[in-house]
Amino acid sequence: MDAITLLKNDHKDMRALLAALEATTTRAVKKRESLLAKIEANLKAHTSIEEEIFYPAFKQAGSKSDDDKMYFEALEEHRAAGDLVLPDLLETDPSTDNFSGRAKVLKELVEHHAGEEEKEMFPRARKLLEKAELLALGEQMEIRKRELMRG
Ligand SMILES: [Fe+2]
Ligand SMILES: [Fe+2]
C-alpha cells in the first residue's frame with residue numbers, strides 16, 4: 001500500500017476511536033478504558049511509523065524551508081499529543097469530568113494534526129517523492145506497524 005493511503009487509513013480509524021471516546025459519559029468507565037487502550041496502541045504505532053520512516057523520507061526529499069518547518073511542527077504536535085496529553089489522560093479517573101475534558105483536548109489535537117498532514121504534508125510529499133518510493137515506504141511502515149501492534 002502507498003504510504004499516504006496507509007497513513008490516511010490510520011487517521012480515519014483514529015478519528016472514529018476519538019469520536020467514540022468523546023461520546024461516552026462518566027458512567028461508561030469500562031468502555032472508556034477499552035477505547036483508551038485502543039487509542040494508545042494506535043496512536044503510538046502511528047506516530048512511531050511516521051517518525052521512524054515517513055517523516056525522515058519527507059525531510060530528506062524536502063527542498064524548501066517550508067518543508068523543514070512542516071517537519072518540525074509535526075514532531076512537536078506528536079510530542080504534545082503523545083507525551084503530554086495522552087499520559088495525563090491515562091492517569092485520569094475515567095468516571096470524572098476531568099477525563100471528559102482531557103479526552104476532548106486529545107481529540108482536538110489529533111484532528112488538527114491529522115488535518116494538517118492531509119492538507120499540507122501529504123500533498124507536498126506526493127510532489128517530492130516518486131510513486132515507487134511511496135509504495136516502498138508504505139510497505140516498510142506496514143511491517144513496522146504490525147511489529148509495534150504486537151509488542
Ligand atoms: Fe503525525
Ligand atoms: Fe499522521
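As the structure lists them, so they are numbered: ligands from 1, and atoms in each ligand from 1. Only a predicted model underlies this, so the values are computations on that prediction, with no experimental measurement involved. Atom set for the values below is all heavy atoms of this structure, side chains included, hydrogens, waters and symmetry mates excluded.
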* Note: Glu73-Lys69 ion pair, threshold 4.0 Å (strictly below) -> no

* Looking at Glu118 and Arg15, does any basic side-chain N land under 4.0 Å from a carboxylate oxygen? -> yes

* Measure from the Fe ion (ligand 2) to every N/O/S atom of His11 and report the name of the nearest one. => NE2

* **Electrostatic pair Asp2:Arg126 at N-O distance under 4.0 angstrom** => yes

* Is the shortest side-chain N to carboxylate O distance from Lys145 to Glu142 below 4.0 Å? -> no

* Structure fact -> At a cut-off of 2.8 Å, protein N/O/S around the Fe ion (ligand 1) gives Glu50 OE1, Tyr55 OH, His78 NE2, His113 NE2, Glu117 OE2

* Asked: Would you say the ring centroid of Phe122 lies under 6.0 angstrom from that of Phe54?
  -> yes

* Other hydrophobic cluster members with Val29, side-chain heavy atoms of Ile/Leu/Val/Met/Phe/Trp/Tyr under 4.5 Å, chained? -> none

